[in-house]
Amino acid sequence: MKSVFYRSTRGGVQNVKASKAILTGIAEDGGLFVPNCIPKINLNLEELLNMDYKELAYFVMSKYFTDFTESELKNCIDKAYNDKFDTEGIAAIKKVGDAFVLELYHGPTLAFKDMALSILPHLLVTAAKKQNISKDIVILTATSGDTGKAALEGFTDIEGIKIIVFFPQEGVSAVQKMQMVTHKGNNTYVVGIKGNFDDAQSGVKEIFGDKAFVKFLDQNNYMFSSANSINIGRLVPQIVYYFYAYLKLYKDGEIKKGEKINITVPTGNFGNILAAYYAKEMGLPINKLICASNDNKVLYDFFNTGIYDKQREFVTTISPSMDILISSNLERLLYLLSGQDSNKVKELMNKLNTEGRYEVDKDMKEAAKNFYGNFADQQQTKEAIKKVYDDYSYLMDTHTAVAYSVYDRYKQKSEDLTKTVIASTASPYKFAYSVMNSLDDKYSNYSDFRLCMEMSKILSENEPTAIKDIENRDVLHKTICDKGEIKKQVKKILINLKS
Ligand SMILES: *Cc1c(COP(=O)(O)O)cnc(C)c1O
């Protein structure tokens, strides 16, 4: 098989192996690792048709992680996709009206982040061995709510790894917060910050670029890596489920051989939808990529005007995992749209840093025409939850509802009849308060936890064990810091560990 090497989107790092790229997380020049070229496949549906999720995962990932041996990669896949997931298929597809909802939340933390974060720790440990690293790896993670818990779950008690999670103290749902602050594990640290997700992400990215700090770590026998979707080891596993969805539709007779589908993704950091774009570039028959935003609609503006402008009010919404104004993974798309021109990417990213905005040229805008961007405000999101529940007895979480709302309007406006897969990124239980109050405002005085119970009643099912009785668990992580103190906190945690 052809070897794939990785380089930075900003051109400063070239020709590194997958294991090195996964281990490093972010390139030294501040760019993100991308493959030299996206591997193309010959889509042989009959060959892929009978693969289960793990076999399909191997099919896709082996095209990217070419320095992993077959047994190394299969071992990682086996450890990741097992009975931690509550459905044998790992992902599930439900027909809801004329759309196909791809449920990606059947993992241990009830959000789609599990799809990649259950394998990333194993990829990292394997990569460290391959690179002869004997240092302890410190995973620094910023979370808008779901990455944090999924990363904690994935990395807990893995030897040689410490994980520190920063989350916006006021910006996550009650269930999300409890999932993180009650998390057990000898190598896990969770810190709330007085700020939003962008503050957390910028703080973490800054540490990665701080040479003095990296040296301090080195002297203490540590190295950093990232569990955020800036890590290529998170992006690639996310490509798998788009293949899975396509094959399932074909198997069920919903689409003909080679028929194109649209994919709608509720988007924040642009990782999930970028994985769908990679799948398309690999050769999966995909027509439109429908990028759905909430009130923080930077991406909607970008796809419509070619201008990315982060200088705007940050809105805290009922879909908190999408409350993001700096969508990191867009940098990887810019790289592709510019024809892999790292100088151009560097220039745009500099502008974003210094001026808070940039504008792409006509060619790049034209190259982005496979994307359609729109957004749903909070009222529209709630209406979508209620309408879909009333019409189809299907209960969506607030993020999936953003996608559904955008899909619904796209369908009406465009008259595009292409069959559409909607990525469902979280279980409704994680956002019980907003979901139940979308159905009926009689729930406004109930707590989130009480509403999880009510939800299980109306759905005639048990509450997921992951969150059952979560309000009664011991809070183990109580540290809260100012958004400017992220570095100080990391230092404190690591020094305490040594003493
Ligand atoms: C992270 C997350 C998103 C956004 O995904 P990106 O890859 O960051 O665009 C959407 N919904 C939920 C529930 C999430 O946890």
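Residues: numbered from 1 along the sequence shown. Numbering of ligands and ligand atoms starts at 1, following listing order. All values below come from the heavy atoms of this structure, side chains included, with hydrogens, waters and symmetry mates left out.
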Across all chains, not counting sequence neighbours, the salt bridge (Lys or Arg N to Asp or Glu O under 4.0 Å) partners of Asp98 are Lys411

Pairs under 3.5 Å, N/O atoms on ligand 1 and on the protein: can you put them in a table with the distances?
unit_1: ligand 1; atom_1: 7 (O); unit_2: Gly271; atom_2: N; d: 3.2
unit_1: ligand 1; atom_1: 7 (O); unit_2: Asn272; atom_2: N; d: 2.9
unit_1: ligand 1; atom_1: 8 (O); unit_2: Asn269; atom_2: N; d: 2.8
unit_1: ligand 1; atom_1: 9 (O); unit_2: Gly268; atom_2: N; d: 2.8
unit_1: ligand 1; atom_1: 9 (O); unit_2: Asn269; atom_2: N; d: 3.2
unit_1: ligand 1; atom_1: 9 (O); unit_2: Phe270; atom_2: N; d: 3.0
unit_1: ligand 1; atom_1: 11 (N); unit_2: Thr425; atom_2: OG1; d: 2.8
unit_1: ligand 1; atom_1: 15 (O); unit_2: Lys113; atom_2: NZ; d: 2.6
unit_1: ligand 1; atom_1: 15 (O); unit_2: Asp146; atom_2: OD2; d: 2.5

Checking the side chain of Ser338 only, and the main-chain atoms of Leu336 only, is there a donor and an acceptor separated by less than 3.5 Å? no

Between the side chain of Arg234 and the main-chain N/O of Lys113, is any donor-acceptor distance below 3.5 Å? no

Sorted by chain and residue number, the side-chain contact (heavy atoms from CB on, under 4.5 Å) partners of Lys310 (sequence neighbours excluded) come out as Tyr308, Ile326, Leu352

Taking only residues two or more places apart in sequence, or in another chain, which ones meet Asp408 in a side chain to side chain donor-acceptor pair (under 3.5 Å)? none

Carboxylate-amine/guanidinium proximity below 4.0 Å for Glu331 and Arg10: yes

